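These notes are about the structure you will find just below.
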2 protein chains.
Amino acid sequence: MSEPDVFAALANPTRRELLRLLRDGGQQPVQRLADHFDMRRPSLSEHLKVLKEAGLVVERPVGRQRLYALRAEPLQEVADWLSPYEAYWRGRLGALRDVLDELDDE
Amino acid sequence: MSEPDVFAALANPTRRELLRLLRDGGQQPVQRLADHFDMRRPSLSEHLKVLKEAGLVVERPVGRQRLYALRAEPLQEVADWLSPYEAYWRGRLGALRDVLDELDDE
DNA sequence: TTGACCGGTAGGAAACCTCCTACCTATTGT
DNA sequence: ACAATAGGTAGGAGGTTTCCTACCGGTCAA
């Protein structure tokens with residue numbers, strides 16, 4: 001039994017590529033997604049299951065195929081997590097922090 | 001030998017918490033970081049190693065301790081990856097896409 | 001109804017992750 | 001010099017991931 005962990009879902013390059021395909025190509029069946037990978041279809045199904053459990057895709061049956069579609073909302077959690085760091089990598093704060101630390105040393 | 005995979009480094013909650021501690025508390029030695037976790041120190045050392053290999057922390061020896069500091073730059077990669085999705089979770093584009101897909105079906 | 005097709009589940013191998021206990025080196029204070 | 005402290009490495013147990021090959025049920029077309 002797995003949890004719905006967005007960060008864990010994004011840790012795998014194949015899953016990130018699946019999300020990109022759904023973003024760029026809109027909803028599509030498994031077979032069309034599978035065309036882009038050098039990987040058997042059942043493995044793709046498992047990756048799609050992980051994405052589904054993380055809430056990053058939704059799936060609806062259409063005839064004998066299943067259309068998968070991107071559901072980007074959970075990515076907000078990642079963006080929220082990231083935002084307090086943004087000031088650091090955009091210079092400024094990191095450098096300020098270093099100065100403060102140096103002062104502490106004395 | 002591991003690769004420097006930022007996404008994989010962020011997949012673990014302990015490592016995300018380490019980054020937060022370094023962000024909020026500035027550079028600090030391992031022991032001070034370890035105080036926040038119910039986990040043996042060697043395990044923490046391994047998490048710090050993963051973060052270091054991902055470029056997310058830097059380490060410098062000071063006396064018999066080692067000060068770890070946040071290095072946020074690699075997080076830019078995550079932000080860059082995320083940004084094409086932002087329009088989707090902020091409504092609009094997802095809905096537009098759905099309409100286009102419906103039209104395709106006909 | 002029978003066959004072809006879509007895609008999921010079962011079960012298993014191999015690699016990898018995450019934790020542990022020991023143990024080691026380096027530095028510091030007495 | 002010796003003990004105590006900081007923190008890394010080694011090796012291993014147990015769980016999880018990621019892939020595979022079978023196999024199964026549901027849908028469509030002849």
Side-chain angles (χ1 to χ4, degrees), chain A residues 1-19 21-22 25-54 56-70 101 104-105, chain B residues 1-22 25-54 56-70 101 104-106:
Chain A
M1 214 114 300
S2 24
E3 350 88 270
D5 182 344
V6 178
F7 285 94
L10 297 184
N12 183 287
T14 297
R15 287 195 292 267
R16 292 198 298 276
E17 178 67 4
L18 281 169
L19 292 178
L21 289 168
L22 291 173
Q27 61 183 14
Q28 43 196 302
V30 176
Q31 193 56 60
R32 183 134 76 90
L33 293 166
D35 290 344
H36 295 85
F37 298 92
D38 182 20
M39 185 182 293
R40 303 291 162 211
R41 207 190 17 73
S43 306
L44 258 293
S45 274
E46 278 157 32
H47 283 304
L48 286 167
K49 190 203 258 181
V50 172
L51 291 172
K52 194 164 77 171
E53 282 169 355
L56 286 164
V57 301
V58 289
E59 170 249 327
R60 75 184 161 106
V62 171
R64 69 184 125 179
Q65 37 189 32
R66 252 159 255 208
L67 292 185
Y68 279 84
L70 175 65
D101 288 337
D104 280 353
D105 291 350
Chain B
M1 211 117 298
S2 24
E3 349 87 270
D5 184 342
V6 177
F7 284 95
L10 298 184
N12 183 287
T14 297
R15 287 195 292 268
R16 292 199 297 276
E17 179 66 4
L18 281 169
L19 293 178
R20 192 192 63 76
L21 289 168
L22 291 173
Q27 63 183 14
Q28 43 197 301
V30 176
Q31 193 55 61
R32 184 134 74 89
L33 293 166
D35 290 344
H36 295 85
F37 298 92
D38 181 22
M39 185 182 291
R40 303 291 164 212
R41 207 192 17 74
S43 307
L44 258 294
S45 274
E46 280 157 31
H47 284 305
L48 286 167
K49 189 203 258 182
V50 172
L51 291 173
K52 193 164 78 170
E53 283 169 353
L56 286 163
V57 301
V58 289
E59 169 249 327
R60 76 185 162 107
V62 171
R64 69 184 125 179
Q65 34 189 33
R66 253 159 255 208
L67 292 185
Y68 279 83
L70 175 65
D101 288 337
D104 280 354
D105 290 352
E106 290 150 17

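Worth saying up front: this structure is predicted, and the values here are computed from it rather than measured.
Heavy atoms of P42(A) sit under 4.0 angstrom from at least one base atom. When heavy atoms are screened at a 4.0 angstrom cut-off, F37(B) is found touching no nucleic acid atom at all. Residue contacts shown for R41(B) include a base, since a base heavy atom lies under 4.0 Å away.
Atom CD of E53(A) is separated from atom C1' of dT17(D) by 13 Å (rounded to the nearest Å). Following rounding to the nearest Å, R40(B) (CZ) and dG7(D) (C1') show an atom-to-atom distance of 15 Å. Going from atom CD of E59(A) over to atom C1' of dT9(C) covers 14 Å, rounded to whole Å. Remark: C1' of dA6(D) and CZ of R60(B) are 16 Å apart, rounded to the nearest angstrom. Look at CD on Q28(A): it is 11 Å from P on dG7(C), rounded to the nearest Å. Nucleotide dT17(D) holds its C1' atom 15 Å from the CG atom of L44(A), rounded to whole Å. As a whole-Å value, the separation of D38(B) CG from dT18(C) C1' is 14 Å. The nearest whole Å value for the distance from the CE atom in M39(A) to the P atom in dT21(D) is 12 Å.
Considering CD of Q27(B) and CG of L70(B), their distance stands at 11.0 Å, rounded to 0.5 Å. Between L48(A) atom CG and L18(A) atom CG the span is 5.0 Å, to the nearest 0.5 Å. To the nearest 0.5 Å, atoms CZ (R16(B)) and CG (L56(B)) are separated by 12.5 Å. Rounding to the nearest 0.5 Å gives a distance of 10.5 Å between CZ of R60(A) and CD of Q65(A).
The side chain of R64(B) has dT5(D) as its nearest neighbour among dG8(C), dT9(C), dT5(D).
With hydrogens and angles ignored, no donor-acceptor pair under 3.5 angstrom links the side chain of Q65(A) to the base of dC5(C). E46(B) contributes a side-chain N or O that forms a donor-acceptor pair with the base of dC19(C) under 3.5 Å.
Taking 4.0 angstrom as the limit, S43(B) places none of its side-chain polar atoms (N or O) nearer than this to OP1 or OP2 of dT18(C). In this structure, Y68(B) does not reach the dA6(D) phosphate: none of its side-chain N or O atoms is under 4.0 Å from OP1 or OP2. Look at S45(B) and you won't find any side-chain N or O under 4.0 angstrom from OP1 or OP2 of dG7(D). Distances shown here put a side-chain N or O of H47(B) below 4.0 Å from the OP1 or OP2 atom of dC19(C).
Residues A9(A) and L51(A) come closest through the heavy atom pair CB-CD2, 4.4 Å.
Contacts between residues 9-19 of chain B and DNA chain C, defined by a heavy-atom separation under 4.0 Å, are made by N12(B), R15(B).
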What's the verdict on salt bridge (charged side-chain N to carboxylate O under 4.0 Å, His left out) for E46(A) and K49(A), showing C-alpha distance, side-chain angles and the deciding distance?
-> CA-CA 5 Å; E46(A) 278 157 32; K49(A) 190 203 258 181; over 6 Å; no
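In this structure, the side chain of R66(B) does not engage the main chain of E59(B) through any donor-acceptor pair within 3.5 Å. Judged by distance alone, the side chain of Q28(B) and the main-chain N or O of G26(B) form a donor-acceptor pair under 3.5 Å.
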